[in-house]
Asks: 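Got a structure here, written out as structure tokens. Questions coming.
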Amino acid sequence: MFKQTPPMGWNSWNTFGKDINEQVIRETADAMVDRGFLAAGYEYIVIDDCWSLRERDKDGHIVADPEKFPSGMKALADYVHSKGLKFGMYSCDGPKTCAGYPGSFDHEFTDAHDFAEIGIDYLKYDNCYRPSYMPARVLYNRMSMALKSTGRDILFSACNWGEENVENWIRSTGAGLYRSTSDIYDSLGSFSEILFSQLEKMGSVGPGCFNDLDMLICGMHGKGNVAEGEHQGCTKEQYALHFALWAFMASPLMLGCDVRTVDDETVKMLTNPELIKINQDIEARPPFVMHSYPGHVMLLRHLANDEYAFGLFVFSDWERELVTEFAETGLSPSCGYGFHFKDIITGEDIGIVTDDVYMKNIPPFSYKIWRGKIEKA
Ligand code: GLA
């Protein structure tokens, strides 16, 4: 499937890990609709690893675990579709998935056709246990072709954690999104490490293929499957920063929290129409990096209709004073033109900025996003 803008949805891994079952997925589908996520654009429900039995059946097919999914995957897909959502599943390019369930290596066409029969719209394809003689490039291309051979429109989500310079070849395999880093955990350290590792690697992002910075941890607060060791949750401000960044970076937005129980304030943050509008900009261009320091990053996005978004993202835990040098965008202060920006969160008219803008009292772990056009100064 070719998507013009970054895919949005929910994935089971961050919260549930191996503890998935059809009731959880049905209730999640209900919550996606009832709590406004679908209306905000989150359309995919993706079941990650651990959905099957440990062995294929005698005819070589993967079998859904009947204890976890007593009604079968087709019935579940039908239910998800009946809610107006799309249904996604998971496999792997090696003979086993990361959690040790059957992977699709050498069974790609059988599995792709089985998935299509279930009625999937999305396949996340992992990279564990891949035989060392097979380049990921070839196996991702193989599964992509297997999915296409089914005739069903399936979005192919490649998950090879940024290995083999994935950004250089993934678009050529027909994948619609690609994981570029190792797994996210529930902490500021984890999401900021992902961000900084990708800032300079966004060049191939655009309609049809997106850099997946991994599922969102917003609203998890140290609960679930990705809290361990030092990764014990974030503050509300840090989750807001994380979400604004993923939106601004044109990353796929895959929710990872328990959408059935997450608090209303987090729902509001995750469905912020202004942030989603930037994420879903139809031109889907990667950000232009004005500068990046460990304590803060300034980015510019070219948007459709000659608009721009400017983003300041602060990673330090003290109040800051900062100067935004718009000359860093290439706009010379003497050219006679400037950005006429509005703050997308407060609605404040910033006026026409041509040069340095001094900003005081910038709270720790905060962000500012301004949006507008270039006008005569
Ligand atoms: C890998 C992936 C994760 C998740 C797990 C499941 O680690 O990167 O996103 O799918 O496997 O086992």
Side-chain angles (χ1 to χ4, degrees), residues 6-21 24-25 28 44-55 62 64-65 68-69 73 87-105 111 115 120 122-131 136 139-140 143 154-167 170 173 175-187 189-191 193-195 197-198 201 210-218 220 223-229 231 242 246 251-259:
M8 295 172 67
W10 174 89
N11 174 298
S12 61
W13 184 253
N14 278 5
T15 291
F16 296 100
K18 64 177 180 7
D19 296 323
I20 36 169
N21 57 58
V24 162
I25 303 301
T28 297
Y44 291 98
I45 297 248
V46 181
I47 302 181
D48 208 283
D49 205 349
C50 312
W51 58 269
S52 74
L53 290 178
R54 292 272 175 184
E55 302 295 336
I62 306 182
D65 183 333
K68 292 176 175 172
F69 300 98
M73 286 311 199
F87 187 62
M89 287 178 72
Y90 165 101
S91 189
C92 186
D93 65 3
K96 282 195 272 184
T97 71
C98 298
Y101 294 81
S104 293
F105 180 66
D111 292 354
F115 285 133
I120 67 164
Y122 182 115
L123 182 71
K124 174 172 171 180
Y125 206 50
D126 223 329
N127 195 38
C128 283
Y129 299 102
R130 174 169 49 81
L139 292 185
Y140 281 96
M143 188 45 132
I154 297 170
L155 185 64
F156 186 38
S157 161
C159 177
N160 93 323
W161 323 305
E163 290 186 359
E164 298 179 19
N165 299 316
V166 63
E167 67 279 5
I170 193 66
T173 70
L177 62 163
Y178 64 98
R179 276 275 305 285
S180 51
T181 69
S182 51
D183 293 7
I184 199 164
Y185 283 88
D186 192 2
S187 70
S190 175
F191 82 72
E193 191 180 328
I194 289 176
L195 186 268
S197 77
Q198 293 307 303
K201 290 191 176 178
F210 296 93
N211 184 340
D212 176 3
L213 303 179
D214 210 351
M215 286 91 71
L216 295 157
I217 51 171
C218 303
M220 294 195 62
K223 293 199 201 96
N225 187 43
V226 292
E228 59 181 54
H231 310 292
H242 168 42
W246 264 225
S251 172
L253 297 176
M254 298 300 285
L255 305 165
C257 60
D258 187 342
V259 293

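Both ligands and their constituent atoms are indexed starting at 1 by order of listing.
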Asks: Tell me, which protein residue and heavy-atom name are nearest atom 2 (C) of ligand 1, and how many Å apart are they?
Replies: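 Sorting protein heavy atoms by distance from atom 2 (C) of ligand 1 puts Asp126 OD2, 3.1 Å first.
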
Asks: If every non-hydrogen atom of Ala99 is compared with every non-hydrogen atom of Arg54, which pair is closest and at what distance?
Replies: O-NH1, 3.1 Å

Asks: Considering heavy atoms of the protein only, find what lies nearest to atom 7 (O) of ligand 1 and give residue, atom and distance to 0.1 Å.
Replies: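 Ranked first by proximity to atom 7 (O) of ligand 1 is Asp183 OD2, 2.7 Å.
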
Asks: Please indicate whether any nitrogen or oxygen in Asp214 is less than 3.5 Å from any nitrogen or oxygen in ligand 1.
Replies: no

Asks: Phe210 and Pro7: which non-hydrogen atoms are nearest, and at how many Å?
Replies: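 In terms of heavy atoms, the two residues are closest at CD1-CD, 3.9 Å.
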
Asks: Relative to the heavy atoms of Trp161, which atoms of ligand 1 are at a distance of less than 4.0 Å?
Replies: 2 (C), 8 (O)

Asks: Quick test: of every protein heavy atom, which one is nearest to atom 9 (O) of ligand 1, and how far off is it to 0.1 Å?
Replies: Lys124 NZ, 2.8 Å

Asks: In ligand 1, which numbered atoms sit nearer than 4.0 Å to a non-hydrogen atom of Asp48?
Replies: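 Contacts of ligand 1 toward Asp48, numbered from 1: 4 (C), 6 (C), 10 (O).
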
Asks: Applying a heavy-atom cut-off of 4.0 Å, say which part of Cys159 lies close to ligand 1: side chain, backbone, both or neither.
Replies: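 Looking at Cys159 and ligand 1, just side chain atoms fall under 4.0 Å.
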
Asks: Can you tell me the protein heavy atom closest to atom 12 (O) of ligand 1 and the distance?
Replies: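 The closest one turns out to be Asp49 OD2, 2.7 Å.
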
Asks: N/O to N/O below 3.5 Å, does that happen between Arg179 and ligand 1?
Replies: yes

Asks: As a quick check of understanding, evaluate side chain to side chain donor-acceptor pair (under 3.5 Å) for Asp258 and Thr15, giving each step before the final call.
Replies: CA-CA 6 Å; Asp258 187 342; Thr15 291; over 6 Å; no

Asks: Is the backbone N or O of Ile217 less than 3.5 Å from a side-chain atom of His242, with the two atoms forming a donor-acceptor pair by type?
Replies: yes

Asks: Shorter than 2.5 angstrom, is that how the SG atoms of Cys92 and Cys98 come out?
Replies: no

Asks: Which of parallel (below 30°), tilted (30 to 60°) and perpendicular (above 60°) describes Tyr140 and Tyr125?
Replies: perpendicular

Asks: Find all atoms of ligand 1 within a distance of less than 4.0 Å from any non-hydrogen atom belonging to Cys98, and give their numbers and elements.
Replies: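 That gives atoms 1 (C), 11 (O), 12 (O) of ligand 1.
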
Asks: Are there over 12 heavy-atom neighbours, none belonging to Glu193, within less than 6.0 Å of that residue's CD?
Replies: no

